[in-house]
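Scroll down for the structure; my scribbles are underneath it.
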Amino acid sequence: MTDAGIRCARRADEGGDTDETTLRLVAAASTLARNAMFSGRIDGDIAILRTVLDQIPDQIYVKDRQSRFLFANRATLLANGATEQEQLLGKSDFEIGDRESAEGFYRVEQRIMDEAAAQFDIEESLRRGDQTKSWWLTTKIPLTDDQGRVIGLIGIARDITQRRREEAIRSGQSTLLEMIARNERLQTILKTLVLLVESQIDGLNASILLLDAEGERLHLGAAPNLPSAYNALIEGIAIGPMVGSCGSAAWLGKPVVVSDILQDRRWADYNGLAQLYGFRCCWSTPILTQQGNVLGTFALYGREPREPTAVEMDLVAMATHIAGIAIERQHAEDRMHFMAHHDPLTGLPNRSFFKEKLSQTLHQARMNRQHVVLAYVDLDNFKRINDSLGHGAGDELLRQIAGRMLEFTRASDLVVRLGGDEFVLVFANQSRGEGDILPRLHQLRASLSKPMTIAGMTVSATCSMGIATFPEDGETIDALLANADAAMYRAKQLGRDGLQVFNGKETPAAIAAGDRLEELRSAIAGDQLYLDYQPQIDAGTGRILGVEALVRWNHPELGVQPPGHFIPLAEATGLILPLGLWVLKTACRQNKAWQVLGLPPVIIAVNVSPRQFCDPALVGQVRQALSETGLDPRYLELELTENAVMQDTDSALATMRALEELGVRLSIDDFGTGYCNLAALKTLPVNRLKMDRSFIEALPHDATTSAIASAVIALAQKLKLGIIAEGVETAEQLQYLRNSGCDEVQGFHFSAPVDAGGIEALLRRAG
Ligand code: C2E
Ligand code: MG
Ligand code: MG
């Protein structure tokens with residue numbers, strides 16, 4: 001039989017990974033096969049050829065009709081855990097590896113030989129001895145003799161383990177990032193992450209532990225394949241330099257690789273536990289925030305003493321990165337939820353929480369025929385303290401006052417900060433009216449006015465208090481609040497530092513509001529409203545990119561009123577619609593006027609109140625304002641509020657789409673104070689977020705809020721949303737924001753709101 005006597009079948013439409021050279025070498029291998037099969041002799045040429053085949057990283061082998069190895073190049077030997085030909089030759093897969101994979105190979109090979117038809121690019125997995133599983137892209141070609149009888153096959157296999165692993169990790173990663181963006185539960189995300197890592201490595205189990213808010217203890221995040229009893233035993237473990245791998249890694253903020261638990265001092269106290277469950281090595285890596293703060297740990301446990309491989313450490317790096325994003329997102333969500341209901345300065349519940357809670361309390365009181373007492377508290381000299389000692393001292397005073405109120409009240413009472421220096425206390429379940437409570441309130445007033453030390457100085461603040469009782473003084477939240485407020489004003493009028501019980505003789509709040517409404521109506525129709533504009537600055541270059549229009553009311557008697565004094569009334573009565581329309585037109589006209597003057601064009605941002613946003617006329621009005629003033633739509637941005645956008649998402653989306661079609665930009669104002677979640681935003685046509693001032697206020701000293709601010713910026717970037725920080729007052733805040741990747745900033749640090757002439761001057765200077 002000649003060389004030509006053995007042929008290998010070829011597929012006409014050559015493809016896959018098997019290239020021409022390899023095929024030629026395969027043909028040569030058949031010569032080797034023949035030698036081995038018939039003469040047992042290897043001559044000089046063949047020996048050279050054999051050397052060549054050994055250099056090829058792909059497996060090349062020849063098997064006989066019974067699938068026994070006749071020839072194996074070096075790559076084949078290595079893949080099968082052998083070093084010498086003799087270890088494989090004459091053997092079938094059944095004698096080399098596990099039965100299951102041997103059966104798989106045998107079945108395929110016998111079919112190829114029975115049918116005399118090659119198979120290309122079969123994905124096969126192989127595990128030999130204690131080697132990790134490898135993946136191969138294999139082509140098997142039948143060998144025929146002169147008569148066309150199939151006498152064996154040639155196999156060529158390329159190692160695709162690395163590629164498979166990378167593909168699996170890439171797709172796992174994108175699944176995880178999607179889960180994060182979809183706001184799935186943190187526990188679910190972490191479990192998926194652990195399973196992904198475990199699927200890529202053999203014989204190791206992973207665990208994720210989360211560090212608590214105090215930075216002291218670790219709690220289970222996910223460890224689906226560690227024994228649950230083990231998880232239960234380490235739950236809540238305090239971190240420290242000698243606390244196993246995870247406790248030590250969290251303590252140090254650095255990876256801790258323990259290759260032999262029985263020999264490592266850090267495991268001395270937990271040795272028995274590890275032995276109980278058969279753990280011999282444990283490598284733990286801290287999960288960090290972008291700023292390097294520890295969020296938790298990611299650990300791999302093994303049952304043999306050893307060091308991690310480079311591949312394993314790469315996986316750990318990927319896992320800690322993803323876990324970090326997921327945990328930071330969760331922290332941001334938690335914080336936003338808390339902020340929606342609490343005042344960041346004092347940690348007390350805020351007005352929105354108060355309304356929710358009080359309506360339940362009143363409902364219960366109605367059913368149980370009980371009384372509820374409301375005490376409205378306003379500090380007397382807060383403004384003076386704030387102005388003379390600075391905002392920092394003012395904030396500290398409010399915190400200490402809040403602390404005293406909490407000390408004084410019981411668990412069933414409620415203390416709320418309404419805003420500024422105004423607080424409300426609610427005493428539920430009173431069987432009689434305010435009579436029982438008054439002595440306590442006098443005590444509270446005495447306690448609040450005791451001196452306190454702030455920034456090394458002794459300060460004291462008195463307060464005025466007004467009391468209203470349900471149901472006598474009002475049956476609704478608004479009535480009770482208004483009447484307690486009216487009583488508090490009487491206390492102020494009577495010389496402050498006092499307590500007044502509502503007596504029905506105060507000016508009814510409704511009448512006062514009615515007068516004011518008429519005034520506001522004529523202010524809109526007349527020319528008492530005007531706009532100031534606050535620049536929005538590129539955080540990198542310092543250029544003015546936009547201005548925000550802020551409305552003011554020049555009241556004939558009271559002087560200039562900030563929007564906080566009349567927008568709520570306008571919103572509550574519907575006057576916001578004509579007011580908002582006036583603002584929109586005036587702002588567009590002004591922006592066009594700057595452009596006509598040849599100033600560098602800027603975007604004008606106009607606030608749209610929730611009621612305006614729900615008004616079906618809005619889109620038409622915007623279109624009209626643009627066409628009347630000739631302003632290019634791309635220079636108009638509408639600032640919407642989170643809650644308006646989230647209330648009725650379908651119709652909100654329709655409105656936003658219609659506005660987007662007009663070509664105007666949309667942003668979410670005061671982001672972080674409402675109920676919006678970032679994942680939902682992804683589906684809305686929003687250009688950017690305006691991060692609320694309460695975040696910025698805390699920068700960079702409040703570590704938690706700072707971390708959240710960074711997380712919000714990072715997530716906004718991920719969702720390809722622009723982000724602007726509001727209320728930037730200091731260079732330090734600016735620096736922090738720049739470092740976190742915030743695009744734009746607005747605040748007193750650059751400029752307070754100024755009139756149109758002021759903006760013109762600023763733009764001229766820039767241009
Ligand atoms: P906003 O839209 O969040 O506007 C930013 C507010 O923060 C402005 O208060 C601005 O003067 C203030 N501010 C800017 N930089 C700083 C800073 O560095 N530190 C501090 N402490 N404050 C800063 P303003 O003008 O009193 O407006 C208050 C709110 O009234 C606005 O909040 C907006 O919600 C509303 N508003 C203003 N104009 C309009 C309007 O035309 N229509 C509607 N619907 N609402 C308006
Ligand atoms: Mg705004
Ligand atoms: Mg805002």
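As the structure lists them, so they are numbered: ligands from 1, and atoms in each ligand from 1.
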Measuring from non-hydrogen atoms of [X] to any atom of ligand 1, is the shortest distance under 4.0 Å?
| X | answer |
| --- | --- |
| Pro753 | yes |
| Lys690 | no |
| Glu548 | yes |

- Task: Specify the closest pair of heavy atoms between Ile696 and Gly727, including all atoms of both residues, with the distance to one decimal.
- Result: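 So the two residues come closest at CG2-O, 3.8 Å.
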[X]: numbered ligand 1 atoms lying under 4.0 Å from its heavy atoms:
| X | result |
| --- | --- |
| Arg552 | 25 (O) |
| Glu639 | 2 (O) |
| Gly727 | 15 (N), 16 (C), 17 (C), 18 (O) |
| Gln534 | 10 (C), 14 (C), 15 (N) |
| Val583 | 41 (O) |
| Asp669 | 1 (P), 2 (O), 3 (O) |
| Glu729 | 17 (C), 18 (O), 19 (N), 20 (C), 21 (N) |

Please tabulate, one pair per line, all N/O donor-acceptor pairs under 3.5 Å involving side-chain atoms of residues 390-400, not counting sequence neighbours.
{"residue": "Glu396", "atom": "OE1", "partner": "Arg399", "partner atom": "NE", "Å": "3.3"}
{"residue": "Glu396", "atom": "OE2", "partner": "Gln400", "partner atom": "NE2", "Å": "3.1"}
{"residue": "Gln400", "atom": "NE2", "partner": "Thr453", "partner atom": "O", "Å": "3.2"}

- Message: Which option wins on minimum heavy-atom distance to atom 5 (C) of ligand 1: Gln733, Glu697, Glu726, His565?
- Response: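 Answer by nearest heavy atom: Glu726.
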- Is the His342 ring parallel, tilted or perpendicular to the Phe353 ring (thresholds 30°, 60°)?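 Because their plane-to-plane angle lies in the 30° to 60° range, the rings of His342 and Phe353 count as tilted.
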- Item | For the Mg ion (ligand 2): the N/O/S atom of Glu639 at shortest distance |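 So the atom name we want here is OE1.
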- Query: For Asp669, what is the atom name of its N, O or S atom nearest to the Mg ion (ligand 2)?
  - Reply: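 In Asp669, the heteroatom (N, O or S) nearest the Mg ion (ligand 2) is OD2.
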- Query: Between Gln746 and Ile724, is a side-chain contact (heavy atoms from CB on, under 4.5 Å) present by the stated rule, with each step listed?
  - Reply: CA-CA 7 Å; Gln746 174 180 349; Ile724 174 163; 4.1 Å; yes
- Do any nitrogen or oxygen atoms of Val551 lie less than 3.5 angstrom from nitrogen or oxygen atoms of ligand 1?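 Between Val551 and ligand 1 (N or O atoms, distance only) the closest approach is under 3.5 Å.
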- Message: Does Arg445, at its CZ atom, have more than 12 non-hydrogen atoms belonging to other residues, nucleotides or ligands within less than 6.0 Å?
- Response: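 Enclosed.
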- Check the surroundings of atom OH in Tyr489: do more than 12 heavy atoms from other residues, nucleotides or ligands lie under 6.0 Å from it?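 No, not enclosed.
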- Message: Pairing donors with acceptors under 3.5 angstrom, does anything connect the side chains of Gln534 and Ser751?
- Response: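 Looking only at side-chain atoms, Ser751 and Gln534 do not form any donor-acceptor pair under 3.5 Å.
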- Query: Quick check: does Glu548 have an N/O/S atom under 2.8 Å of the Mg ion (ligand 2)?
  - Reply: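 For Glu548, the answer is yes, given that an N, O or S atom comes within less than 2.8 Å of the Mg ion (ligand 2).
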- Message: Quick check against the 3.5 Å criterion: does Asn687 have a side-chain atom that pairs as donor or acceptor with the backbone of Leu666?
- Response: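 Pair found, side chain donor or acceptor close to backbone of Leu666.
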- Task: Please check if the side chain of Asp343 supplies one atom and the backbone of Thr346 the other of a donor-acceptor pair under 3.5 Å.
- Result: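 Flag set: sc Asp343 to bb Thr346 pair under 3.5 Å.
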- Query: Which residues satisfy the salt bridge (Lys or Arg N to Asp or Glu O under 4.0 Å) test with Lys355, sequence neighbours excluded?
  - Reply: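 Salt bridge (Lys or Arg N to Asp or Glu O under 4.0 Å) list for Lys355, sorted by chain: Asp478.
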